[in-house]
> 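My questions will all concern the structure given below.
Residue numbers start at 1 and run along the sequence shown. Given the structure is predicted, the values throughout are model-derived calculations rather than measurements. Values below: all heavy atoms of this structure, side chains included; hydrogens, waters and symmetry mates excluded.
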Amino acid sequence: MAILEVKKLKVSFRTNNGTVKAVRDISFSLEKGKTLAIVGESGSGKSVTSKAILGISAGNAIIESGEIIYDGKDLIKCTEKDMYHIRGDKIAMIFQDPLSSLNPIVRIGKQITEAMLLKNKAKQKESKHDFTVMLSNLRKAMHETSIKNNLDASSIDKLLEEFQQFVIIANKKMISFEASSEAMSDASSLLKDIIIKVDHKYHLDLVGQIKVIKHKLSLCKDRYFVLDISEDLNKINDSLNKVLATISKNIDNDFADENKFEIIQSNLHFVDNAFDTILSRTNLDFFSLGYLLHKDKSFEAKSYSMSYDEINAIALKYLDENFMPTFNKYTSDALYHSVYKTLEFKKEVVNFLKDFKKIINVESFDKKVIKEHIANLKPLINLSIDPLKTQKDSAVLILCNSLLIDTKKIFKAVKLNKKDERRYNRQIARYNKKIESGKKVDYKVAPQKTIDLADIVNDMHASIDSAIEKYESTIKKFDDHKYQKWEKISRLLFEYLKEKAHDSVYKLTKSAAKEKAIKLMEEVSIPEARSRFYQYPFEFSGGMRQRIVIAIALSAEPEILICDEPTTALDVTIQSQILELINELKARRNLSIIFITHDLGVVANMADDIAVMYAGKIVEIGKAEEIFYSPAHPYTWALLSSMPDLDTKEKLETIPGTPPNMIYPPKGDAFAARNKYALKIDFEEQPPMFKISDTHYAATWLLDPRAPKVEMPKIIKDRIERMKQKHSLGGNSDEK
């Protein structure tokens, strides 16, 4: 399943010398949990593509056409507000030079935790808003249902009022619990820092530090937090007191005394283990508990003698038996009403869009008529969107804005085309005049920079088709009234409200962020992570800095990781370690990775799919084994022929010439001038993507049935044979 799709993307850059065509009509998809390698020389458009995905293109960039589809959204047409929730959180990026991503005067630890803390604050605010809006929508839908079915509306108000009341109780209990948990987390974090110094016998104010820990422990007052751990807390205090009793005024002498040092060390490690055990306990289900406490105030006193598991089981059972049946009934009716109310408008939108599409064409594009249709479409779309759907259809939500943007693009393009046509005619006339007068001319007239209006119209059609497809799918699902899973959707809505209520009050503390950061540092194999947490970037080697950047990228737990030549600035041995680390993280976290490199050898053991780029176009794409064992494009041959190999005895081949000037893209195949296998047609017409297999395509005229048969270079053939023999031997040895 594709998690990201790039469709017919074109990106150019305005420069003083002309418009550089950096990416020219490329398409590819990234599969969930897979690695796509994009390979090509510098300037081929690899990094431009990745920056377009993240919405961080340079100020002079022009995205002429195309779509970048992620999670139902076209990232090109998303607002900066929408991209804020995607960039870093869902799609993260590692750059070539780690120092360019790190602030040299800020400690590493702060740089890892900073984004976590900022995102947590934003998430709290967003969750509170989402909870309030959804509850309001639910109330409205329930009331509309009650009117339609002649039911008592007061029972609905009573149910939702009760819901809000027990959510408030649950949030209060959770905030109190979290305050105590934060205090112990702070104490635990401080103790771990102390233990490192004690284990290394560093000089420190151990008495003062232990007193700070004891003060933090005194703040753990929440009754539910200290439940079942009174004995553990007493043992922790006893161990800390033993440490204080052992320490003299001269701590260096205490560390030199083996008996005293062992007492200090063993007691500190005991407390550390006790903290870890307490903080890793099963969490209380405050949502269910909130309802039980709301209905039965006497339960709180009884619960203090129970375990967490017992409280959770009783509270959940009570909620399921006393609240959920009524909630599910009213919510299921409201969901049914909301779906079929909006379904009628969805049908209207589909019919409107089909008619609208007919008038969107290059020949008779009327700006006034288009804008009028968009103005009429917007309120219709608003009525067609189900307010109780927890995941809104982004492609439909952004449709009107997307069509408006494309409309503006068309009329801007018309003006620019006319302007450049006048410029070209003026300059070519001057040029011809000089030639006719016999003057020496040592320059070329920049060709016309014509923006293809058909591309923009096609984008508009694609946006409309996507919205129609999604709506028709929903209509088909519900139109026969046979859909019966209303209680299941009701449960999902309840879980959504529960999650939003929790996230609206959950606070990621500095100590919790620190511990999370240290675990990330350990995950990316940084030794002594706790002590290195306080170091500056200059205190790390190049490979370690890149590991820090990877940890920062992973801190938001993204779904997609873009690696833009992350090993180029590193030596060979460190390159191997970073590649191995990225592979391990991919498997452990089920990451989807786009890996950008100019070296095919780098991705030999990590890529699932490979796209070879040259001069802004994908010239070959396929599975990794297809690119390495049956390459079809001469440029891929050239890259493989120039790749070092321990077993290759022949002289490595070089790629002659230089890439073309993309202000003046070649008329035919951009690689033709450097390709010793080029045909006459390569200089006249761009080759289409020829299908080699269901997963393997290449844009070369050599694959045309009319083309002469050309064998791949001997150096590549020999290498493929050796690799096949090695794999065959490896397979046999495994079988034995």
Side-chain angles (χ1 to χ4, degrees), residues 6-28 38-52 57-58 60-66 76 409 412-413 416-417 419-421 423-425 427-428 431 443-456 458-459 596 598 611-621 633-636 638-639 655-690 697-702 704:
V6 174
K7 300 178 181 178
K8 298 185 176 181
L9 181 66
K10 291 183 181 179
V11 184
S12 301
F13 292 90
R14 296 186 192 91
T15 69
N16 292 333
N17 297 321
T19 303
V20 178
K21 304 288 185 181
V23 174
R24 304 184 295 151
D25 196 18
I26 68 166
S27 299
F28 63 83
I38 302 178
V39 184
E41 292 172 276
S42 296
S44 61
K46 309 182 301 294
S47 296
V48 173
T49 303
S50 66
K51 288 175 182 176
S57 300
N60 63 333
I62 315 160
I63 298 181
E64 294 182 9
S65 64
I76 291 173
K409 274 186 183 179
K412 187 176 180 181
L416 289 174
N417 285 350
K419 182 180 177 182
D420 200 62
E421 185 181 5
R423 187 271 313 165
Y424 177 78
N425 290 335
Q427 291 183 356
I428 201 72
Y431 180 88
Y443 67 90
K444 286 184 179 180
V445 175
Q448 281 186 245
K449 296 177 285 188
T450 305
I451 300 170
D452 192 344
L453 305 184
D455 282 342
I456 306 173
N458 288 338
D459 283 347
I596 294 166
H598 60 269
V612 180
M613 279 191 79
Y614 184 78
K617 293 186 78 70
I618 291 177
V619 296
E620 186 166 4
I621 188 166
H633 197 283
Y635 181 59
T636 313
L639 290 176
I655 306 175
T658 57
N661 182 347
M662 295 312 294
I663 295 176
Y664 313 104
K667 184 181 178 183
D669 184 350
F671 189 59
R674 306 173 71 189
N675 178 12
K676 62 184 178 183
Y677 307 104
L679 307 172
K680 183 182 177 183
I681 193 172
D682 281 310
F683 295 92
E684 298 169 353
E685 189 178 340
Q686 284 188 12
M689 272 286 189
F690 288 94
Y697 295 81
T700 170
W701 286 113
L702 293 178
D704 191 290

> Would E685 and W701 count as a side chain to side chain contact (heavy atoms under 4.5 Å, CB included) if you check the C-alpha gap in whole Å, the side-chain angles of each, and the deciding distance to 0.1 Å?
CA-CA 9 Å; E685 189 178 340; W701 286 113; 4.0 Å; yes

> F671 and P634: which non-hydrogen atoms are nearest, and at how many Å?
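Where F671 meets P634 most closely, the heavy atoms are CE2-C, 3.8 Å.
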
> How far apart are the closest heavy atoms of A615 and R24, and which atoms are they?
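Where A615 meets R24 most closely, the heavy atoms are O-NE, 2.9 Å.
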
> Between S57 and A61, which heavy-atom pair has the shortest distance, and what is it?
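Smallest heavy-atom distance, with atoms named: CB-CB, 3.7 Å.
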
> With side chain to side chain donor-acceptor pair (under 3.5 Å) as the test, pick out the partner of E64 among K10, K21, K8.
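Option passing the side chain to side chain donor-acceptor pair (under 3.5 Å) with E64: K21.
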
> Can you check side chain to side chain contact (heavy atoms under 4.5 Å, CB included) on Y635 and N675, steps first, answer last?
CA-CA 8 Å; Y635 181 59; N675 178 12; over 6 Å; no

> Using modelled atom types only, decide if a donor and an acceptor are shared between the side chain of N60 and the backbone of R14 within a distance under 3.5 Å.
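Pair found, side chain donor or acceptor close to backbone of R14.
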
> Quick one: does any side-chain atom of K46 pair with a main-chain N or O of E41 as donor and acceptor, under 3.5 Å?
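Side chain of K46 to backbone of E41: a pair is present.
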
> Output the distance between atom CD1 (I596) and atom OG1 (T49), rounded to the nearest 0.5 Å.
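With rounding to 0.5 Å, CD1 (I596) is 7.0 Å from OG1 (T49).
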
> Supply the atom-to-atom distance I26 CD1 to K617 NZ, rounded to the nearest 0.5 angstrom.
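With rounding to 0.5 Å, CD1 (I26) is 9.5 Å from NZ (K617).
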
> How long is the span from the CD1 atom in I62 to the CG atom in L416, to the nearest 0.5 Å?
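These two atoms lie 8.5 Å from each other.
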
> Considering all heavy atoms of both residues, which atom of A52 and which atom of L9 are nearest to each other, and what is their separation?
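Shortest heavy-atom contact: CB-CD2, 4.3 Å.
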
> Write down the atom of T700, the atom of H633, and the distance for their closest heavy-atom approach.
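Reported closest heavy-atom pair: CB-CD2, 3.7 Å.
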
> Which heavy atom of I76 sits nearest to which heavy atom of G66, and what is that distance?
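Result for this residue pair: CD1-O, 3.4 Å.
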
> If you round to the nearest 0.5 Å, how far is CD1 of I655 from OH of Y614?
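Answer rounded to 0.5 Å: 8.0 Å.
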
> Quick one: pull up OH in Y677 and CG in L702 and give me the separation to the nearest 0.5 Å.
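Taking OH in Y677 and CG in L702, the distance rounds to 9.5 Å.
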
> Out of V6, V11, I63, which one pairs with V23 under the side-chain contact (heavy atoms from CB on, under 4.5 Å) rule?
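By the side-chain contact (heavy atoms from CB on, under 4.5 Å) criterion, V23 pairs with just one of V6, V11, I63: V11.
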
> Return the OG to NZ distance between S65 and K409, rounded to the nearest 0.5 Å.
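Output value for this atom pair is 7.0 Å.
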
